[in-house]
Amino acid sequence: MIKAPTGTRDILPEDVKTWQRIEKTAGEIFTLYGYEEIRTPIFESTSLFQRSIGEATDIVEKEMYTFKDKGGRSLTLRPEGTAPVVRAYLEHQFPQRDQFQKFYYIGPMFRYERPQKGRFRQFHQVGIEVFGPNHPMIDVEVIAIQWRIFKELDVSDLKVKINSLGCEKCRPGYRKALIEHLKKNRERLCETCQRRLERNPLRVLDCKNPGCQQVVREGPKITDYLCNDCREHMKKVTDGLESLKIPYEVDPFLVRGLDYYTKTVFEFIHTALGAQNTVSAGGRYDNLVEELGGPEIPGIGFALGIERLVLILNEKGLPEEKKPLYFIPLGEEAIKEGIKIMEELRDSGIPVIWTGKVASIKAQLRQANKRGADRVLILGESEIENREIKLKDMKEGREEVIKWKDLKEHLRYYF
RNA sequence: GUGGGCGUAGCUCAAUUGGCAGAGCGCUGGACUGUGGCUCCAGUGGCUGUGGGUUCAAGUCCCAUCGCCCACCCCA
């Protein structure tokens, strides 16, 4: 039997309900803040991701689905959503139309990783990108949007972590100090961190090895190396969060895996997620637009992992939904008449379900009961003769006979 | 890419030192001829992930392979 490829999964009807709830909530909240949806292709030129995410990152080095098309072009299934939105923003000359733009997106992303809890090769994100503003209060707003989504979905046990990664002026100084400190303590670091020290020293900061964490804690903090501009920016962000009563934690060792981030970075962490506990994350990227060939326009955004949020939401029950009305025909004649009656009901927006099966009344009632029907319509020979139909209340067991011509009016009461 | 755990019915899981592949749930029908749920009864269910090997005999032992889960790594 052919199965879905490793790291991919089917989202079955019972799960789709949760997905739609997330998509609807997020979409409505984005609209509330003036974001508009943008849809970009699922694959892009490989160079877009190499230039934006960074050549030395794990994503670009070993996690991308890259292939050549029949014309010899190198293409890559998008591993994240920010770079494509920036590309579209520039390609369609948005900077010349308006220096201020808010976008949101939703869709599948692809990374070649070993699957585990909360991690898939095809996964889905909703996210936003803002271009133009460099005011720290927009950072606060971006965090507030996520906070609102989680609140609306009734998610608790969330932790918000924030940090500043500085800018091109102050980050090099910190980086130098960090490398110096790590080199001095090289023998206390785990093997992977000794390798990271050469390639991507900032990554040592979020190693889970206790020995490495100890070395990191003894070392320099980025927050002590920020330039005046970055320090002030950070202060305004934390002040803003406090004014909105959004609880947060400054984690001076929080880093991100994509090279383009500057200044504010943040993560929403949930305890029920296992090792992959980040449900939503993002940050400011003041140089990315320029690095991709555009003007000097700052930006900020976040991405939220839908699978991970579903994992959290499934710990709780789903809200009750309206129960459908089932049509139970007894015999061919009843089906012939029933199809007309059902269409008329649907004309008035009344939902009616017929299984399409020819079966005994007992089997059909059992079926309707199993699916949670509140009410069923039974049509048999005697009813057809009198141009009537029987409406049965499944909870009470009560039945009433209704003339075809009165049915619509009668049911309107329930729907 | 690395490590650990696991693959038996649609689902959850049994099967003694290698010895007839089972149960519960589900599904279908009946008891109740046009009335569901509860109960009782019957039926339906399988290339034991796949391919080799050892053996009189393999779900069980060995090798390979694929897949799933968890973790490392990395990240949403």
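Chain identifiers are assigned alphabetically (A, B, ...) following the order of the sequence lines, protein sequences preceding nucleic acid strands; residue numbering begins at 1 within each chain.
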- Is A/Ser382 side chain donor-acceptor paired with the B/G34 base, going by distance under 3.5 Å alone? yes
- Message: Any N or O donor-acceptor pair under 3.5 Å from the base of B/C73 to the side chain of A/Arg114?
- Response: no
Electrostatic pair [X]:[Y] at N-O distance under 4.0 angstrom:
| X | Y | answer |
| --- | --- | --- |
| A/Lys340 | A/Glu343 | no |
| A/Asp286 | A/Arg284 | yes |
| A/Arg119 | A/Glu113 | yes |

What is the nucleic acid contact for [X], judged by heavy atoms within less than 4.0 Å: base, sugar-phosphate only, or nothing?
| X | answer |
| --- | --- |
| A/Gly397 | base |
| A/Ile328 | nothing |
| A/Ala363 | sugar-phosphate |
| A/Gln146 | nothing |
| A/Arg366 | sugar-phosphate |
| A/Gly282 | nothing |
| A/Ala368 | nothing |
| A/Glu63 | sugar-phosphate |
| A/Gly301 | nothing |

Heavy-atom count check: over 12 atoms from other residues, nucleotides or ligands less than 6.0 Å from [X] [atom1]?
| X | atom1 | result |
| --- | --- | --- |
| A/Arg39 | CZ | no |
| A/Phe43 | CZ | no |
| A/Tyr65 | OH | yes |
| A/Arg346 | CZ | yes |

Euclidean distance, atom [atom1] of residue [X] to atom [atom2] of [N] [Å, nearest integer]:
| X | N | atom1 | atom2 | value |
| --- | --- | --- | --- | --- |
| A/Lys370 | B/C11 | NZ | C1' | 14 Å |
| A/Glu267 | B/C75 | CD | P | 10 Å |
| A/Lys362 | B/U33 | NZ | C1' | 10 Å |
| A/Asn209 | B/C72 | CG | P | 12 Å |
| A/Ile361 | B/G36 | CD1 | P | 8 Å |
| A/Arg121 | B/G1 | CZ | P | 8 Å |
| A/Asp206 | B/C72 | CG | C1' | 13 Å |
| A/Leu365 | B/G34 | CG | P | 12 Å |

[N] to [M] separation - [atom1] atoms, rounded to the nearest Å:
| N | M | atom1 | value |
| --- | --- | --- | --- |
| B/C25 | B/G67 | C1' | 26 Å |
| B/G53 | B/C11 | C1' | 34 Å |
| B/U2 | B/G26 | C1' | 41 Å |
| B/U60 | B/G24 | C1' | 23 Å |
| B/U16 | B/G49 | P | 16 Å |
| B/A9 | B/A64 | C1' | 27 Å |
| B/A76 | B/G29 | C1' | 50 Å |
| B/G10 | B/C47 | P | 8 Å |

So if I take every side-chain heavy atom of [X] and compare against [options], which nucleotide ends up nearest?
| X | options | answer |
| --- | --- | --- |
| A/Asn369 | B/G36, B/C73, B/G34 | B/G36 |
| A/Pro115 | B/U35, B/C73, B/C69 | B/C69 |
| A/Phe123 | B/A71, B/A76, B/C73 | B/A76 |
| A/Ile378 | B/A76, B/G34, B/U28 | B/G34 |
| A/Lys117 | B/C72, B/A71, B/G34 | B/A71 |
| A/Gln367 | B/G3, B/C27, B/U28 | B/U28 |
| A/Arg111 | B/U35, B/C75, B/C72 | B/C75 |
| A/Thr6 | B/G34, B/C68, B/C75 | B/C68 |

Does a side-chain N or O of [X] approach OP1 or OP2 of [N] to a distance below 4.0 Å, or not?
| X | N | result |
| --- | --- | --- |
| A/Arg195 | B/C73 | no |
| A/Arg203 | B/C75 | yes |
| A/Arg256 | B/A76 | yes |
| A/Gln116 | B/A71 | yes |
| A/Thr278 | B/A76 | no |
| A/Arg9 | B/C69 | yes |
| A/Gln364 | B/G36 | no |

Applying a 3.5 Å limit to both distances, which nucleotide forms a Watson-Crick or G-U wobble pair with [N]?
| N | value |
| --- | --- |
| B/G59 | none |
| B/C6 | B/G67 |
| B/U17 | none |
| B/C40 | B/G30 |
| B/G24 | B/C11 |
| B/G1 | B/C72 |

- Item | 5' precedence on RNA chain B between A/Ser360 and A/Ala303 (nearest-nucleotide basis) | A/Ser360
- Closest nucleotide of RNA chain B for A/Thr57 versus for A/Lys392: which of these residues is on the 5' side? A/Lys392
- Who pairs with A/Asp406 by salt bridge (charged side-chain N to carboxylate O under 4.0 Å, His left out), at least two apart in sequence or on another chain? none
- Going through the checks in order, is the ring pair (Phe, Tyr, Trp, His ring centres under 6.0 Å) test met by A/Phe103 and A/Tyr35? CA-CA 5 Å; A/Phe103 298 104; A/Tyr35 288 78; 8.9 Å; no
- Note on the structure: Between A/His410 and A/Ile402 the two heavy atoms that sit nearest each other are CD2-CD1, 3.6 Å
